[in-house]
Amino acid sequence: MKVMINDLSVAMEVKNKGVEFRVHDNQGNFQGDCYVTKSGLTWCQGKTLKANGISVSWEEFIEWMNS
């Protein structure tokens, strides 16, 4: 996978606007965007808008990763 920061709108602490990661597969095909904010993560497959993406809280993400 090729992961790039698309829009860096943070100082030292991640705030409400967060950080956007643009994700491409190894062939360079766009897979989607991952937004990391202080409240959690949002995955937007393909050209899905952030408002229509799949969101998880940090608590849900940590539980999922620890399982």
Side-chain angles (χ1 to χ4, degrees):
M1 292 296 209
K2 181 179 179 183
V3 180
M4 302 179 305
I5 295 176
N6 190 47
D7 182 18
L8 187 61
S9 300
V10 296
M12 295 299 273
E13 180 182 355
V14 175
K15 300 286 187 175
N16 291 338
K17 191 168 180 178
V19 180
E20 177 184 350
F21 293 91
R22 180 152 287 190
V23 181
H24 295 263
D25 65 15
N26 292 332
Q27 289 72 43
N29 300 311
F30 178 63
Q31 299 298 302
D33 295 310
C34 181
Y35 297 89
V36 179
T37 66
K38 71 177 187 177
S39 61
L41 299 108
T42 302
W43 171 249
C44 299
Q45 184 173 358
K47 295 188 177 190
T48 303
L49 297 174
K50 185 177 180 182
N52 297 327
I54 300 168
S55 296
V56 295
S57 68
W58 282 110
E59 292 79 11
E60 292 172 302
F61 176 73
I62 292 167
E63 183 178 318
W64 177 56
M65 294 303 293
N66 286 333
S67 65

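Source: prediction; values computed, not measured.
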Could you tell me which non-hydrogen atom of Cys44 sits nearest to which non-hydrogen atom of Gly53, and how far apart they are? SG-CA, 3.8 Å
Where Lys17 and Thr37 come nearest, the two heavy atoms and their spacing: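 In terms of heavy atoms, the two residues are closest at O-CG2, 4.0 Å.
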Hydrophobic cluster membership, with links at side-chain heavy-atom distances under 4.5 Å among I/L/V/M/F/W/Y: are [X] and [Y] in one?
X     : Y     : value
Leu49 : Phe21 : no
Val56 : Val36 : yes
Trp43 : Phe30 : no

Check the side chains of Ser57 and Glu60 for a donor-acceptor pair under 3.5 angstrom, ignoring hydrogens and angles. yes
side-chain contact (heavy atoms from CB on, under 4.5 Å) partner of Cys34, chosen from Leu41, Val3, Val19: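 The single option meeting the side-chain contact (heavy atoms from CB on, under 4.5 Å) with Cys34 is Leu41.
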Quick check on Lys50: does its NZ atom have over 12 non-hydrogen neighbours (other residues, nucleotides or ligands) under 6.0 Å away?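 Atom NZ in Lys50 is packed in, count exceeds 12.
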For Thr48, does its backbone N or O pair with a side-chain atom of Asn52 as donor and acceptor, under 3.5 Å?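 No; judged by distance alone, with no hydrogens or angles, the pair does not exist.
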From His24 atom NE2 to Gln31 atom CD, the distance as rounded to the nearest 0.5 Å: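 These two atoms lie 9.0 Å from each other.
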